[in-house]
Amino acid sequence: MQRKTQAKFIVFEGIDGSGSSTQAELLYQYFQRQKIPAVLSPEPSNGIIGNLVRETLRQRLRFTTDPTQLNRQLAYLFAGDRHDHLYNEIDGVFKQLAAGIQVITTRYYFSSLAYNASNAAEYEFIYRLNQDFPNPDLVFYFDLPVEVALERVQRRSHQEIYETKTKLTQVRQNYQQIFQTYPGNWQQLDATQPPETIHQKILQTIADYFVTAPESGSD
Ligand code: TMP
């Protein structure tokens, strides 16, 4: 019997080096093998604003040297990119979902809350900026000790402005706080585990979570 799956918006979150992009890719490949239409759609996005953000993170583009203002500028850029990523009518998230395509996104507004606020007042600012973005159907949060994360990112060819011990320690704490009170569907995964073990857990959650129904007219 053929089955049909309702399109879902699935988000992967975690500190740099937590392996969330690798796992998103593995889920995407799984959907492909199952012939379930899906897209991998990261934030920062591959659109114009997303590219501006990436250039700023790599410090190829520098708007200000004031750390608070830099955080705010990035927060505005991330929010603008997010709006484009969700609502643009060419290939935005909602366009894909309406076409029955699963959307797998690495990072969403949780990243803005976790990364772009350096104190309570800035957190409030970021929260307000992002409060109208809808919750995804499901979030996978990859938890990883900062020391392990740093070892992993230092092996990469380029480093970004947030990849320091102090910053990632704060980001991890922020994530833990955010998910303590997050009312939507989410699952924490231990990112020190082998990639295949994590992937199997994700597949189990997807199987439990996805509502599948017999395709009408088929047997
Ligand atoms: P990436 O490593 O997943 O490509 O993400 C790039 C960086 O952007 C990562 O350090 C987290 C950061 N980021 C924010 O600071 N705020 C955001 O809203 C998003 C989406 C990412």
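In listed order, ligands and their atoms are each counted from 1. Since the structure is predicted, the reported quantities are computational estimates derived from the model, not experimental observations. This chain uses plain numbering: 1 for the first residue, then up along the sequence.
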Listed pairs under 3.5 Å, donor-acceptor, residues 140-152 side chains, sequence neighbours left out:
unit_1, atom_1, unit_2, atom_2, d
Y141, OH, D143, OD1, 3.0
D143, OD1, R172, NE, 3.0
D143, OD2, R172, NH2, 3.0
R152, NH1, G17, O, 2.8
R152, NH2, A191, O, 3.1

Q: Would you check if the distance from the ring center of Y109 to the ring center of F78 is below 6.0 Å?
A: no
Q) Do E196 and Q200 have a side chain donor and acceptor closer than 3.5 Å? A) yes
Q) Y115 and R107: side-chain donor and acceptor closer than 3.5 Å? A) yes
Q: Measure the CD-CG distance between Q187 and L138 for me, rounded to the nearest 0.5 Å.
A: 7.5 Å
Q) What do the steps show when you test Y76 against F125 for ring pair (Phe, Tyr, Trp, His ring centres under 6.0 Å), and what is the final call? A) CA-CA 10 Å; Y76 280 119; F125 165 75; 5.5 Å; yes
Identify all N/O pairs between ligand 1 and the protein with a separation under 3.5 Å and present them as a table of atom names and distances.
unit_1, atom_1, unit_2, atom_2, d
ligand 1, 3 (O), R107, NE, 2.7
ligand 1, 4 (O), R54, NH1, 3.1
ligand 1, 5 (O), R107, NE, 3.2
ligand 1, 10 (O), D16, OD1, 3.2
ligand 1, 10 (O), D16, OD2, 3.0
ligand 1, 15 (O), N116, ND2, 3.0
ligand 1, 16 (N), N116, OD1, 2.9
ligand 1, 18 (O), R82, NH2, 2.9
ligand 1, 18 (O), S112, N, 3.3
ligand 1, 18 (O), S112, OG, 2.6

